[in-house]
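To start, the structure under review is shown below, and the notes come after it.
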Amino acid sequence: MQVDVVHGDYPKNKRAIKCKAIWDTGASDTTIATNIVRAIGLRRLNLPPRLTHTANGDYLSYAYEACLSLSKDYPPFKMKVYEIPPSDIDVLIGMDIIRLGRFEIAPSKEKLDLTFEITKKE
């Protein structure tokens, strides 16, 4: 899946980057790779680092403010994300986002269409 990570000052600052993302129901929080954090200059939040467990090991992670756009049909929404080392996936979408919405899977010609609609506000 492709998502847009937008600078946390959106809409004032519309710096964004397209990222490869996966849905990770085993992740409590959404994480973003360090190279993406630096590429758009996300603002680090004044929180102590925390231990983040990944398939590639455990890391001390800092929290950042970012806006994510999951679809062209929805504007970016602001949230706290945690930094992880770069890998082949830029963004892991965790339960902090997944629990806010509803998935729908529908068959269409030769493929399945997956939609996600945010139904709850934080």
Side-chain angles (χ1 to χ4, degrees):
M1 164 177 200
Q2 188 169 348
V3 299
D4 288 337
V5 177
V6 186
H7 194 277
D9 291 338
Y10 177 86
K12 177 181 165 188
N13 183 337
K14 295 181 182 178
R15 279 186 287 172
I17 190 166
K18 295 201 178 301
C19 299
K20 287 188 344 185
I22 61 170
W23 298 89
D24 187 349
T25 57
S28 300
D29 298 300
T30 297
T31 60
I32 297 180
T34 302
N35 55 316
I36 304 301
V37 168
R38 291 188 179 135
I40 60 173
L42 295 182
R43 182 177 68 86
R44 191 164 98 186
L45 299 174
N46 190 22
L47 297 170
R50 69 166 206 188
L51 189 62
T52 300
H53 307 285
T54 74
N56 296 323
D58 296 341
Y59 303 95
L60 278 180
S61 297
Y62 287 97
Y64 290 83
E65 182 180 70
C67 293
L68 292 182
S69 177
L70 303 177
S71 160
K72 65 182 184 306
D73 299 328
Y74 294 99
F77 58 93
K78 190 176 286 187
M79 63 179 306
K80 175 175 56 176
V81 297
Y82 290 90
E83 175 184 24
I84 57 170
S87 70
D88 55 339
I89 300 296
D90 302 317
V91 177
L92 293 176
I93 299 170
M95 289 305 295
D96 56 338
I97 291 177
I98 296 169
R99 67 180 170 80
L100 297 177
R102 176 179 71 216
F103 280 111
E104 288 185 14
I105 300 174
S108 64
K109 279 191 173 179
E110 302 176 16
K111 65 178 183 171
L112 288 175
D113 288 329
L114 169 71
T115 59
F116 178 74
E117 177 184 4
I118 295 177
T119 58
K120 301 174 191 160
K121 295 284 185 193
E122 270 298 282

When rounded to the nearest 0.5 angstrom, what distance separates [atom1] in [X] from [atom2] in [Y]?
X: Cys19; Y: Leu68; atom1: SG; atom2: CG; answer: 8.5 Å
X: Gln2; Y: Lys20; atom1: CD; atom2: NZ; answer: 10.5 Å
X: Leu92; Y: Thr54; atom1: CG; atom2: OG1; answer: 8.5 Å
X: Ile17; Y: Asp4; atom1: CD1; atom2: CG; answer: 9.5 Å

Find out whether [X] and [Y] are in side-chain contact, i.e. whether some heavy atom of one side chain is under 4.5 Å from a heavy atom of the other.
X: Met95; Y: Ile98; value: yes
X: Glu83; Y: Leu42; value: no
X: Ile84; Y: Asn56; value: no

More than 12 foreign heavy atoms under 6.0 Å from [atom1] of [X]: is that the case here?
X: Asn46; atom1: CG; answer: no
X: Lys78; atom1: NZ; answer: yes
X: Arg38; atom1: CZ; answer: no

Check: Any idea which heavy atoms bring Thr52 and Ser61 closest together, and the distance?
Finding: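 Where Thr52 meets Ser61 most closely, the heavy atoms are OG1-OG, 2.8 Å.
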Next item on the list: Provide the closest heavy-atom pair for Ala33 versus Pro86 in the form atom of the first, atom of the second, distance.
Entry: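 For Ala33 versus Pro86, the nearest heavy atoms are CB-CA, 3.8 Å.
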Check: Quick one: salt bridge (Lys or Arg N to Asp or Glu O under 4.0 Å) partners of Arg50, sequence neighbours excluded?
Finding: Asp29
Is there a path from [X] to [Y] through hydrophobic residues (I, L, V, M, F, W, Y) whose side chains come within less than 4.5 Å of each other?
X: Ile32; Y: Val3; answer: yes
X: Val81; Y: Ile40; answer: yes
X: Ile89; Y: Val37; answer: no
X: Ile97; Y: Ile105; answer: yes
X: Ile36; Y: Ile93; answer: yes

Margin query: Would the distance check show the side chain of Asp96 and the main-chain N or O of Thr30 forming a donor-acceptor pair, the cut-off being under 3.5 Å?
Written below: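 Yes, Asp96 side chain to Thr30 backbone: donor-acceptor pair under 3.5 Å.
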Item checked: Listed once per pair and sorted, the ring pair (Phe, Tyr, Trp, His ring centres under 6.0 Å) pairs that draw on residues 35-62, sequence neighbours left out ->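 Residue pairs passing ring pair (Phe, Tyr, Trp, His ring centres under 6.0 Å), neighbours aside: none found.
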